[in-house]
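Accompanying notes for the structure given below.
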Amino acid sequence: MAAGTKSVMLALLDTFPLHVHHNNASPLCQERRLMMLSCISGRTNNIVRARQKQIAPTVVAALIESSEKRDLNTTTITKLTADVAVRSGNNNNNNNVFASNMKTLVNIFRPTVQPHANKGLVLQLVSSDQLGPNGKEAKLSEEIVLEWPENDVVLGGEGSINTYKVEFCVDSDFGVPGAVAVLNRYDSEFFLDSINIQQLNLHFPCKSWVQPENKIDPHKRIFFFNKNNQTLTWQVYLPFETPIGLKQVRERDLRQMRGDSRGRRKSCDRIYEYDVYNDLGDPDKGDEYERPTLGGQNNPYPTRCRTGRPPTRIDSHAESRPSGSESIYVPRDEELADIKKHDLDRAKLIAIARNIVPALLDKMGNEGVLNIHNFIRESRHSHSNLGGTIEELFKFDPPKIFSRGKSHFLEDDEFGRQVLAGLNPLSIERLKVFPPVSKLDPCKSALKEEHIIDHIDGMSIQQALEDNKLFILDYHDIFLPFVDRINALDDRKAYATTTIFFLTKMGTLKAIAIQLALPTMDPNTSSKQVLTPPVDTTTKWLWQLGKAHVCSNDAFVHTYLHHWLRIHATMEPFIIAAHRQLSVMHPIYKLLHPHMRYTLKTNATARETLINAGGILETNFSPGKYSMQITSAAYRDWWQFDQEGLPTDLIRRGLAVPDESQPQGVRLVIEDYPYAADGLLIWSSIEKLVKTYVNHYYKDVDAISSDYELQSWYKEFINLGHPDHKNASWWPKLSTPENLISILTTIIWIVTAQHAVLNFSQYHYGGYVPMRPALMRKLIPKEGDLDYIDFVMDPQRYFESSLPSLSQAAKFMAVTSIGSAHSPEEEYIGDRNDLCSWLEEPEIFDAFKQFSMEIKNIETEIEKRNADKKLRNRCGVGVTPYELLMPWSDQGVTGRGVPNSVTA
């Protein structure tokens, strides 16, 4: 080994503590030190089982001795052996998911230096601490060209990796390799998994598709190193810490991903740009498919990933829809993994099968929606299987709120419980004044003391307000501006609803009044009616209809406002900005990396088939074609990033008050509020981890203000990601470590736990349409209406005809089932596959291990709470345990599990 290379090896070894058997070391420290030695020696098996074992110093001594022996034959040129692990793809980005066997081919050969080879993979090492002859750019090794034999089909499913050995030649004064430059001279893309330099224990975690030079990408790809060959991410440097040889390389890599906002993006590109939502409509198909552009003064909205498709023929401001089998563009590395693609395809096939019979029965007019129970299995399966029985193929798993033999209708107890522990626990607010006041309607509410006084346990209204006993589910202002347009659509009817709840002595909520508002000819007034708990058969059915309309509005707010807008749409710009402004070597990028997985692809799929004109969601919710315009109004009037953290949101809604004596700094107004109680545990653990992480890399305010990549990321997130709010005063400043901790904690909370609550509740809490309709087809009849006689003659039939049809219900169950499922390769909160990369930073390593332990403890605590009979909203006869914030899950539609990112 050359002298320079030996010094690098010894320097790397010296960074690891050797005395791992110290008696005073904590279990975390012992595990960390053990993992350090395991990574150095290439041994990572059985780490957990060996946690308490002492490591003999002779093992380390042997490593150093072998290095010293290799130095005896010193030459001016050093040969570094590297393993290059690749798998290729095909031109349409669809790989064969189910390769029958994983194969590993190790082809050992010595490639010659062929800088002008016609074919091959061109590789060049980049020195981290030495500059080239011009004194400006990094020093490079000689190019080597890796050519795999023609009979090597470097193609296969995930896990089918071909590993080749190559040799780099470097001068003895080359310094430490900090990156590798890669150029693809083959005709097809391939997936570069990793490059490992064995002598130096350097790992280049690539995990990226590399495009052909001659057709697509003329630039060399840059992959940065990590010192441990068992990790999947990069060595981190703040911008000012970047080794001199990597400074320009770091900046060039970022520039390649920013693009120029011109031309159409190809599926093989890795470019991140911004655009408005002008691709939801399809005016070329007809007027009914026209949709307004979201983004700009008229319809404020976050931005999305630009695709560059040409405009439509009818409207030059609208982007054309994808043609044929074309998918909406996302950068190549944002595409779904093969196993997830297959899982989705299988779920779609099953969904089609489950809709065949309900669709036929609908056409025959023989069955109503209440017969949907005939298409639900007797017992729940972990996941569907195309090779299973006929029942498994054509019938749905029973949702958790469904119980065979019980009423099809939503009982009052369950109605109240679900606003705290059901599909949408994010809308309930404490009522601060009665009657409630609208910001839109100058007329007084129709709700009066007489409507609720008999339902508040003998208290006065003022006393109930002061004692925090009255709560409200208020969709009046969200819906009222759109109700007339919604009700003009075929088979769609809606009200602007306001529901009042009373907190009982058992800690449960009881609905005591529902106000239903419709606009009138006078824009300054509305027509209102109030329903109260029933006293006879007629009022029983009116009350059921009222609850159904509330559930329809609640389902829409859950899906479009809380789920789509507050998570998917508002978080997409943060991901785009991160890729454009934060180097992969930046510590904040590394922290956020697992929390960005699949989100852009998920959102593109939503624009392609769910929220677009005539899309699946648009056709299944009452607002129909006006759904996305409602989200724009909510974004304009209501969304604020500084209110998105859990404690702040709870305080804003009056569901918590600041209390420094509590572990999370707030005290819940309703103690048995499962979403908030469990969520605060996760929020607190995230905040603790982020605080340790940020304070490790940023010691003072100067470190924050001088980090131009960090500042550029946050400014771009605001100015280009949320341009319609860029001048808002409520944006948090990014000037101190405390600011950064708050911003990062909020982002990670939103894309992990917040998303899990909203996404994985869809099927089990919102999929059974008779109890939770997402669409209503009739208004509630009044005396004198033509429909009133039909209602009185057969109220159940009228109720059923107000709900979606059997076929609509089956489609909705199928869609929510697909969206609520975990894929086989889901990555969950508390798990990181790059833990080894922090071995040299024990404070960070220990913080992640501690975070993982806390997440496991949270699962135990949730199980304990779900068994506590005093907590009536999560434990009791007929009560579904609250598991949505249980961190881990099996594959399938489980109603639990918190993935690391927005994966569905």
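Being a predicted model, the structure only gives us computed values, none of them experimental.
Put simply, the side chain of Ile428 reaches to within 4.5 Å of the side chain of Tyr673, judged on heavy atoms. His725 places a side-chain heavy atom less than 4.5 Å from the side chain of Trp731. Taking the side chain as every heavy atom from C-beta outward, Asp477 and Ser438 approach each other to under 4.5 Å. Side-chain contact between Asp659 and Gln664: absent, with no pair of heavy atoms (C-beta onward) separated by less than 4.5 Å. Under the 4.5 Å side-chain criterion, counting only non-hydrogen atoms from C-beta, His722 is in contact with Trp639. Taking the side chain as every heavy atom from C-beta outward, Val666 and Pro647 approach each other to under 4.5 Å. In this structure the side chain of Trp888 reaches within 4.5 angstrom of the side chain of Lys856, judged on heavy atoms. Between Phe851 and Arg832, the closest side-chain pair of non-hydrogen atoms is not below 4.5 Å.
Aromatic ring pairs are classed by plane angle as parallel below 30°, tilted from 30° to 60° and perpendicular above 60°; the pair His755 and Phe760 is perpendicular.
Within the 3.5 Å criterion, the main-chain N or O of Ile748 finds a donor-acceptor partner in the side chain of Thr752. For Asp397 (side chain) and Ile376 (main-chain N/O), no donor-acceptor pair under 3.5 Å exists by modelled atom type. Put simply, the side chain of Ser852 never gets that close to the backbone of Phe848: no donor and acceptor are under 3.5 Å apart. With His568 contributing its side chain and Leu565 its backbone, the two residues share no donor-acceptor pair below 3.5 Å. With hydrogens and angles disregarded, no donor-acceptor distance shorter than 3.5 Å links the side chain of Ser742 to the backbone of Asn739. Here the side chain of Thr816 pairs a donor or acceptor atom with the backbone of Met813 at under 3.5 angstrom.
For Phe812 and Phe621, the ring centers sit closer than 6.0 Å to each other. Aromatic pair Tyr763/Tyr768: ring centres not closer than 6.0 Å. For Trp541 and Phe409, the ring centers sit closer than 6.0 Å to each other.
Tyr598 and Glu827 form no side-chain donor-acceptor contact under 3.5 Å, judged by distance and modelled atom types alone. A donor-acceptor pair shorter than 3.5 Å cannot be found between the side chains of Thr860 and Asn857. With hydrogens and angles left out, the side-chain atoms of Ser622 and Ser552 include a donor and acceptor closer than 3.5 Å.
Between Met886 atom CE and Arg896 atom CZ the span is 4.5 Å, to the nearest 0.5 Å. Rounded to the nearest 0.5 angstrom, Tyr626 OH and Glu618 CD are separated by 10.0 Å. Note that CG of Asp890 and NE2 of His822 are 9.0 Å apart. Values are rounded to the nearest 0.5 Å. Considering CZ of Arg597 and OG1 of Thr903, their distance stands at 8.0 Å, rounded to 0.5 Å. Rounding to the nearest 0.5 Å places NE2 of His563 at 4.0 Å from CG of Asn759. The structure places CZ of Arg566 at 9.0 Å from CG of Leu561, a figure rounded to the nearest 0.5 Å.
Between Asp467 and Lys469, no side-chain nitrogen of the basic residue sits less than 4.0 Å from a carboxylate oxygen of the acidic one, so the salt-bridge criterion is not met. Salt bridge absent: Glu687 and Lys691 never bring a charged side-chain N and a carboxylate O closer than 4.0 Å. Salt-bridge check for Lys688 with Glu854: passed, with a basic side-chain N closer than 4.0 Å to an acidic carboxylate O. With respect to Arg417 and Glu414, a salt bridge is recorded, a charged nitrogen being found less than 4.0 Å from a carboxylate O. Using a 4.0 Å cut-off between charged nitrogen and carboxylate oxygen, Asp413 and Arg872 do not count as a salt-bridge pair. In this structure, Arg653 pairs ionically with Asp649, as a charged nitrogen and a carboxylate oxygen lie closer than 4.0 Å.
A pairwise comparison of heavy atoms in Pro573 and Pro302 identifies CG-CB, 4.2 Å as the closest pair. Among all heavy-atom pairs drawn from Tyr714 and Pro732, the shortest one is OH-O, 2.6 Å. Of all heavy-atom pairs spanning Thr599 and His595, the tightest one is OG1-O, 4.5 Å. Nearest heavy-atom pair across Asp672 and Leu871 is OD2-C, 3.2 Å. Gly546 and Leu531 get closest at one heavy-atom pair: CA-CD1, 3.7 Å. Nearest heavy-atom pair across Tyr828 and Ser889 is OH-O, 3.4 Å.
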Q: Report the C-alpha separation of Lys400 and Glu883 in whole Å, then their side-chain angles, then the decisive distance to 0.1 Å, and conclude whether the side chain to side chain contact (heavy atoms under 4.5 Å, CB included) test is met.
A: CA-CA 11 Å; Lys400 290 184 177 181; Glu883 297 182 325; 3.1 Å; yes
Q. So Arg874 and Asp678, salt bridge (charged side-chain N to carboxylate O under 4.0 Å, His left out) or not? Walk me through it.
A. CA-CA 11 Å; Arg874 62 197 308 159; Asp678 296 354; 2.6 Å; yes
Q: Evaluate the criterion side chain to side chain contact (heavy atoms under 4.5 Å, CB included) for residue pair Phe471 and Val669; output intermediate values, then yes/no.
A: CA-CA 11 Å; Phe471 295 83; Val669 172; 4.0 Å; yes
Q: Walk me through it: do Phe556 and Tyr475 pass the test ring-ring contact (aromatic ring centres under 6.0 Å, His included)?
A: CA-CA 10 Å; Phe556 173 82; Tyr475 298 139; 9.2 Å; no
Q. Tyr301 and Met628: side chain to side chain contact (heavy atoms under 4.5 Å, CB included), yes or no, with the steps?
A. CA-CA 10 Å; Tyr301 220 65; Met628 290 299 287; 3.3 Å; yes
Q. Would His562 and Ser427 satisfy side chain to side chain contact (heavy atoms under 4.5 Å, CB included), going step by step from the backbone distance to the final call?
A. CA-CA 9 Å; His562 294 317; Ser427 290; 2.8 Å; yes
Using residues 508-516 as the side-chain source, report each donor-acceptor pair under 3.5 Å to any protein atom, sequence neighbours left out, with the distance given to one decimal.
from, atom 1, to, atom 2, distance (Å)
Thr508, OG1, Thr504, OG1, 2.8
Gln515, OE1, Ser445, OG, 2.8
Gln515, OE1, Ala446, N, 2.9
Gln515, OE1, Leu447, N, 3.4

Kindly list each side-chain donor-acceptor pair under 3.5 angstrom involving residues 495-502, sequence neighbours excluded, with atom names and distances?
from, atom 1, to, atom 2, distance (Å)
Tyr495, OH, Ile780, N, 2.8
Thr497, OG1, Asn553, ND2, 3.0
Thr498, OG1, Asp474, OD1, 3.3

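Tested against Ile686 for a side chain to side chain contact (heavy atoms under 4.5 Å, CB included), the candidates Thr746, Ile855, Ile829, Leu681 yield a single pass: Ile829. Tested against His764 for a side chain to side chain contact (heavy atoms under 4.5 Å, CB included), the candidates Ile401, Val893, Thr880 yield a single pass: Val893.
Counting non-hydrogen atoms of other residues, nucleotides and ligands closer than 6.0 Å to CD of Glu660 gives a total of 12 or fewer. Within 6.0 Å of atom CD in Glu671, 12 or fewer heavy atoms from other residues, nucleotides or ligands are found, so the atom counts as exposed in its surroundings.
The ring-ring contact (aromatic ring centres under 6.0 Å, His included) search around His451 returns none, not counting sequence neighbours.
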